[in-house]
Amino acid sequence: MRLVAAILLLAIPLTLAAAEYSDGERSFWSFQPRQATAAPAVDSDWASSPVDAFVWSRLAAAGLRPAPEARRSELARRAYFDTTGLPPTPAELEAFVSDRSPGSWERLVDRLMSSPRWGERAAQRWLDVVRFAETEGFEYDRYLPGLWRYRDYVIESFNRDKPLDRFIAEQLAGDEMAADGPQSHADRELLAAAGFHRLGPVRRNAGNQEVASSRNEVLTERTDIVGTALLGLTVGCARCHDHMFDPIRQVDYYRLQAYFGASRETNLVFNSDSTIEDWQKATKEIATKMKSLRGEIKLAEGEERLRLQAEHDALESQLPEPPPTLATVRNGSEDRNQVRLLDRGDHTKPLQPVDPRPLGVLLPEDAPTLPPDAEDPRSRLAGWITSPEHPLTARVAVNRIWQGYFGRGIVDTPNDFGAMGGRPSHPALLDFLANELVESGWSTKHVHRLILTSSAYRQASHNPAQEERGMQQDATNRLLWRGPRRRLGAEEVRDAMLAAAGELNLAYGGKSVMLPVEDALVDLLYDPTQWRVPADQAQHRRRSIYLIAKRNLRLPFMEVFDQPALLTSCARRESSTHAPQSLELLNGPISNELAARFAARLDREAGRDLDSIVSQAYLLAAGRPPTEDEALIARNFLADNSLREFALAMFNLNSFLYLN
């Protein structure tokens with residue numbers, strides 16, 4: 001009977017009067033104001049920072065002790081990958097290992113945080129959360145010209161340590177802040193930031209691209225990602241009915257969505273007399289001819305096939321580049337949507353209209369809404385989200401930062417701080433870091449440095465003295481009785497291969513790159529002319545963050561190493577282990593091509609001396625010299641196999657793929 005009653009209640013259309021909140025709902029931990037927490041007093045020389053004091057206190061309560069500090073070579077490799085996504089060079093490794101002077105670790109941290117590579121690494125984590133892609137997905141997977149400028153905006157923001165409140169506000173309302181338009185460099189940055197609202201997948205209809213269902217899906221995407229990425233709440237669960245677990249009413253969902261009712265997509269061309277329409281027309285004419293030729297090529301043989309392929313390639317080289325464009329949004333008063341509560345989330349069953357207002361559980365009862373025609377509505381939303389007193393924003397942000405270093409957040413569900421999410425392993429530490437973020441002027445680098453310079457971060461990834469008790473008391477290492485150990489991410493594996501081979505192109509920013517892939521994959525695209533590989537081979541060796549993020553074609557190499565699909569927010573990357581990874585590393589074109597270049601580098605730099613070859617190979621691939629056993633095995637392998645095969649074997653070592 002209770003189940004039947006619950007179903008009947010859900011079937012009743014909700015009204016605005018439903019938005020009332022009990023004291024119990026308001027008292028949930030993540031909705032409470034942050035506490036002004038001081039680091040606990042601990043009797044330990046290990047606790048060299050406030051972060052360590054919080055960690056030590058929890059370990060001591062569980063009867064555990066931290067691991068000793070990791071070897072300096074391990075620390076250096078860990079820090080380089082965690083902060084830049086790249087391995088240290090042998091010279092950089094040697095410089096740190098041999099520098100035993102006081103403050104050497106802090107100097108290394110500061111140098112890494114000032115590198116342009118810092119922003120590239122930090123940006124990749126954020127791009128995962130906001131499901132960054134440069135195409136719209138679904139059947140057409142339409143390319144959004146210039147959306148790579150959003151990626152570059154994120155990289156540059158992290159490199160400049162842009163205050164996080166400003167970073168959030170620019171993404172939510174950059175177009176509302178822009179006074180002069182795209183011809184102004186400062187406003188181009190703001191308009192690129194507002195590309196945040198163009199990142200979600202969009203279902204296009206061939207006959208009518210502005211059908212009500214498509215518009216409803218766009219507004220849903222824009223609402224859900226704000227809840228997930230910025231508030232750490234699953235607000236999307238309240239789209240069809242009141243949230244089943246959190247105090248988020250259905251009316252709250254549509255009030256939040258109402259902030260986006262006026263927002264419309266726009267592609268702004270700057271510094272060009274051409275238009276998007278001109279580019280699309282010219283592209284379509286050539287693409288039509290290319291499509292016809294591809295059909296003929298499949299049926300042709302011999303000289304005729306070669307002739308047709310040459311004609312096809314000549315046409316491909318004539319495809320025009322899009323004019324300089326910003327994929328962004330604007331507020332349109334003439335086509336503003338009056339957002340309505342939807343019965344069961346169905347856009348064909350609208351109920352009463354709603355006006356913009358933040359989540360009610362975080363407001364006083366009877367808090368007013370904005371008028372439906374309020375100016376700059378998203379700026380108002382940004383002001384609420386980035387308020388220093390907001391209980392969620394800073395906590396969610398520092399939790400993501402913590403996860404980047406330890407593999408798991410203080411709250412282990414970084415996109416869900418609600419009832420079905422995890423509870424903080426170190427509640428006081430979470431509030432301490434959130435307070436530090438706000439009090440430092442929302443400086444994310446300040447929080448990163450607090451973590452990186454802690455003894456907790458510098459622990460070895462093995463703690464034999466505590467292994468038995470640690471596994472009994474804390475098998476998942478949430479209390480941090482040992483240091484982190486993880487496999488490199490997809491981008492890190494490819495970039496590390498390029499670095500070892502001496503082929504990494506460190507060009508900063510710019511248009512995204514498409515790599516050569518099998519024709520069979522390209523032919524699966526609705527429009528194969530979308531996949532245009534640059535003739536400049538140096539572009540093929542760009543860092544992986546600069547490879548195009550296309551929803552309907554992911555590189556097989558990146559996919560097998562758990563690069564996320566780009567349809568939903570990725571709160572934390574999984575790290576799977578399966579046979580296709582070994583097959584890709586042993587037989588894939590990327591690993592084999594780079595193994596050949598790695599071998600050529602070893603031949604140039606180490607000559608014919610086997611000991612020198614083995615030593616240099618381990619320094620470049622594993623960030624350390626080989627052990628005696630490893631050196632013996634490597635010499636024996638080289639006696640019977642080619643240098644290229646040895647280089648390929650180095651890419652398959654756990655010492656290459658994993659960080660201690």
Side-chain angles (χ1 to χ4, degrees), residues 127 130 132-137 140-157 170-202 204 208-210 214-215 218 221-222 260 262-288 316-336 376 378 507-514 526-527 529-532 534 539 546 548-551:
L127 297 180
V130 298
F132 171 74
E134 299 169 66
T135 60
E136 291 183 329
Y140 300 112
D141 202 26
R142 192 177 71 165
Y143 174 66
L144 295 172
L147 196 54
W148 55 264
R149 290 184 169 87
Y150 172 82
R151 177 207 62 213
D152 282 5
Y153 159 81
V154 174
I155 293 172
E156 187 62 20
S157 295
E170 288 177 352
Q171 292 174 83
L172 286 174
D175 58 303
E176 294 179 352
M177 300 177 185
D180 301 322
Q183 305 310 322
S184 158
H185 178 78
D187 281 2
R188 282 204 297 274
E189 182 176 328
L190 292 170
L191 291 165
F196 170 80
H197 299 294
R198 301 291 299 278
L199 301 180
V202 179
R204 296 291 174 184
N208 179 5
Q209 295 188 354
E210 283 297 328
S214 177
R215 176 62 176 164
V218 167
E221 283 288 337
R222 292 177 185 172
F260 307 102
S263 63
R264 292 282 176 172
E265 62 187 41
T266 185
N267 296 323
L268 298 177
V269 174
F270 61 95
N271 295 343
S272 175
D273 295 329
S274 182
T275 66
I276 289 291
E277 290 73 23
D278 295 335
W279 168 67
Q280 289 174 336
K281 181 180 178 181
T283 299
K284 184 176 181 180
E285 291 175 356
I286 298 174
T288 301
E316 186 175 29
S317 67
Q318 297 172 27
L319 284 168
E321 292 289 334
T325 308
L326 288 159
T328 186
V329 293
R330 61 171 176 80
N331 284 338
S333 56
E334 70 286 350
D335 53 2
R336 179 192 298 262
D376 301 335
R378 284 174 284 115
Y508 185 75
K511 185 180 176 183
S512 297
V513 177
M514 301 181 193
Y526 179 82
D527 179 8
T529 62
Q530 291 177 338
W531 197 261
R532 298 177 58 188
Q539 291 295 306
Y546 296 116
I548 190 166
K550 183 171 176 60
R551 286 193 160 101

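All values below were derived from every heavy atom in this structure, side-chain atoms included, with hydrogens, water molecules and symmetry-related copies excluded.
- Between Arg264 and Arg215, the closest side-chain pair of non-hydrogen atoms falls below 4.5 Å.
- The two residues Ser512 and Trp148 have their closest heavy-atom pair at OG-CB, 3.6 Å.
- Glu285 meets the side chain to side chain contact (heavy atoms under 4.5 Å, CB included) test with Lys281; sequence neighbours excluded.
- Between the side chain of Thr288 and the main chain of Ile286, no donor-acceptor pair closer than 3.5 Å is present.
- Glu136 pairs by the salt bridge (Lys or Arg N to Asp or Glu O under 4.0 Å) definition with Arg142, Arg204, not counting sequence neighbours.
- A search for side chain to side chain donor-acceptor pair (under 3.5 Å) contacts involving Asp527 returns Thr529, not counting sequence neighbours.
- Going from atom CD1 of Ile548 over to atom CZ of Arg532 covers 11.0 Å, rounded to the nearest 0.5 Å.
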Next item on the list: Check step by step if side-chain contact (heavy atoms from CB on, under 4.5 Å) holds for Asp152 and Tyr546.
Entry: CA-CA 9 Å; Asp152 282 5; Tyr546 296 116; 3.9 Å; yes
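- One finds the CG atom of Asp175 at 9.0 Å from the CG atom of Leu190 (value rounded to the nearest 0.5 Å).
- Pairing each heavy atom of Ala287 with each of Leu319, the nearest pair is N-CD2, 4.5 Å.
- Here the CD atom belonging to Glu134 is positioned 12.0 Å from the CD atom belonging to Gln530, to the nearest 0.5 angstrom.
- In this view, Arg551 satisfies the side chain to side chain donor-acceptor pair (under 3.5 Å) rule with no residue, not counting sequence neighbours.
- With sequence neighbours left out, the side chain to side chain contact (heavy atoms under 4.5 Å, CB included) criterion links Pro534 to Val513, Gln539, His540.
- Under the 3.5 Å distance criterion, the side-chain polar atoms of Arg151 are matched with a main-chain donor or acceptor of Gly510.
- Interatomic distance, CZ of Phe132 versus OH of Tyr150, reported as 8.5 Å (0.5 Å rounding).
- Qualifying salt bridge (Lys or Arg N to Asp or Glu O under 4.0 Å) partners for Glu176, counting only residues two or more places apart in sequence or in other chains: Arg378.
- Taken from CZ in Arg222 to CG in Leu199, the straight-line distance is 10.0 Å, to the nearest 0.5 Å.
- Listed by chain and residue number, His197 satisfy the ring pair (Phe, Tyr, Trp, His ring centres under 6.0 Å) test with Phe260 (two or more places apart in sequence, or in another chain).
- Listed by chain and residue number, nothing satisfies the side chain to side chain donor-acceptor pair (under 3.5 Å) test with Tyr143 (two or more places apart in sequence, or in another chain).
- Listed by chain and number, the residues in a side chain to side chain contact (heavy atoms under 4.5 Å, CB included) with Thr266 are Leu268, Thr328, Arg330 (sequence neighbours excluded).
- In this structure, the salt bridge (Lys or Arg N to Asp or Glu O under 4.0 Å) partners of Asp141, at least two apart in sequence or on a different chain, are Lys550.
- Using a 4.5 Å heavy-atom cutoff, the side chains of Ser157 and Gln171 are not in contact.
- Here the closest heavy-atom approach between residue Thr283 and residue Pro320 is recorded as OG1-CG, 3.5 Å.
- Of the possible polar contacts, none joining the Arg188 side chain to the Leu326 backbone as a donor-acceptor pair under 3.5 Å is found.
- A side-chain donor-acceptor contact under 3.5 Å links Asp187 to the backbone of Asp180.
- Residues satisfying the side chain to side chain contact (heavy atoms under 4.5 Å, CB included) test with Glu189, not counting sequence neighbours, are Tyr153, Arg160, Lys162, Glu170.
- The backbone N or O of Leu144 sits nowhere less than 3.5 Å from a side-chain atom of Asn267 that would complete a donor-acceptor pair.
- Tyr526 is linked by a ring pair (Phe, Tyr, Trp, His ring centres under 6.0 Å) to Tyr140, counting only residues two or more places apart in sequence or in another chain.
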